[in-house]
Amino acid sequence: MKAISYAFFVTEAEYPKLQAACPGDFPFTYAQFCARVDQSIRDSAETVAVEKVYASVDKFLVWCAEARVQPNNLSRARYAVAIGHPQSSD
């Protein structure tokens with residue numbers, strides 16, 4: 001059984017917000033962003049099952065503020081896991 005990982009992903013409408021929230025991290029077009037994510041998923045396919053997690057940039061930024069972290073690659077990865085595999089509140 002493969003491990004499961006989650007890829008932070010946004011819709012085209014959310015992409016400009018992501019670019020503004022993470023200056024310098026996304027200098028490419030939305031189509032290039034999609035291609036990069038898809039390639040990363042394909043590259044990992046033999047060892048890890050990767051699921052795209054569609055994120056709201058506004059909710060991500062709230063999460064960053066509450067977690068007291070900067071919006072960057074590590075926090076996007078952590079957020080994708082948090083919303084892709086939420087912990088039970090039981």
Trainee: Sort out for me which residue in Phe9, Phe60, Tyr15, Tyr6 forms a ring pair (Phe, Tyr, Trp, His ring centres under 6.0 Å) with Tyr54.
Mentor: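 Option passing the ring pair (Phe, Tyr, Trp, His ring centres under 6.0 Å) with Tyr54: Phe9.
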Trainee: Restricting to non-hydrogen atoms, name the atom on Glu14 and the atom on Val10 that form the minimum distance, rounded to 0.1 Å.
Mentor: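 That closest heavy-atom pairing would be CB-CB, 3.7 Å.
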Trainee: Taking the side chain as every heavy atom from C-beta outward, state whether Tyr30 and Pro16 have any pair of such atoms under 4.5 Å apart.
Mentor: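 Result no, sub-4.5 Å side-chain heavy-atom pair not found.
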Trainee: Take the angle between the ring planes of Phe33 and Phe26 and call it parallel below 30°, perpendicular above 60°, tilted in between.
Mentor: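 Judged by the thresholds at 30° and 60°, the geometry between Phe33 and Phe26 is perpendicular.
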Trainee: Does any part of the side chain of Val69, heavy atoms only, come nearer than 4.5 Å to the side chain of Arg78, both counted from C-beta?
Mentor: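 Result yes, sub-4.5 Å side-chain heavy-atom pair found.
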Trainee: Under 3.5 Å, is there a donor-acceptor pair between the side chain of Ser44 and the main chain of Ser40?
Mentor: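 It does hold such a pair.
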Trainee: Check Asn73 against Asp25 and note the closest heavy-atom contact, atom names and distance.
Mentor: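 That closest heavy-atom pairing would be N-OD2, 4.3 Å.
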Trainee: CD of Gln32: more than 12 outside heavy atoms within 6.0 angstrom?
Mentor: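 Check passes, neighbour count above 12.
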Trainee: If I compare all heavy atoms of Ser56 with all of Tyr79, which pair ends up nearest, and what's the gap?
Mentor: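 Scanning both residues, the minimum pair turns out to be O-OH, 4.5 Å.
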Trainee: For Val37 versus Ala7, what's the shortest heavy-atom pair and its separation?
Mentor: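 Of all heavy-atom pairs spanning Val37 and Ala7, the closest is CG1-CB, 4.3 Å.
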Trainee: For Arg76 versus Phe8, what's the shortest heavy-atom pair and its separation?
Mentor: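 Nearest pair, atom of Arg76 first, then Phe8: O-CD1, 3.5 Å.
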Trainee: With side chain to side chain donor-acceptor pair (under 3.5 Å) as the criterion, how do Asn72 and Ser75 come out once you've worked through the C-alpha distance, each side chain's angles and the decisive distance to 0.1 Å?
Mentor: CA-CA 5 Å; Asn72 57 32; Ser75 60; 3.3 Å; yes
Trainee: Applying the side-chain contact (heavy atoms from CB on, under 4.5 Å) test to Val57, which of Thr11, Leu18, Val62 qualifies?
Mentor: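 When Thr11, Leu18, Val62 are each tested with Val57, the side-chain contact (heavy atoms from CB on, under 4.5 Å) holds only for Leu18.
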Trainee: Run Gln39 and Arg42 through side chain to side chain donor-acceptor pair (under 3.5 Å) and show every step you take.
Mentor: CA-CA 5 Å; Gln39 184 62 51; Arg42 282 190 300 275; 2.9 Å; yes
Trainee: So which atom in Glu46 and which in Lys2 form the shortest heavy-atom distance, rounded to 0.1 Å?
Mentor: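 The answer is O-CE, 3.7 Å.
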Trainee: Under 4.5 Å between any side-chain heavy atoms of Trp63 and Ile83, yes or no?
Mentor: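 Answer no - side chains too far apart.
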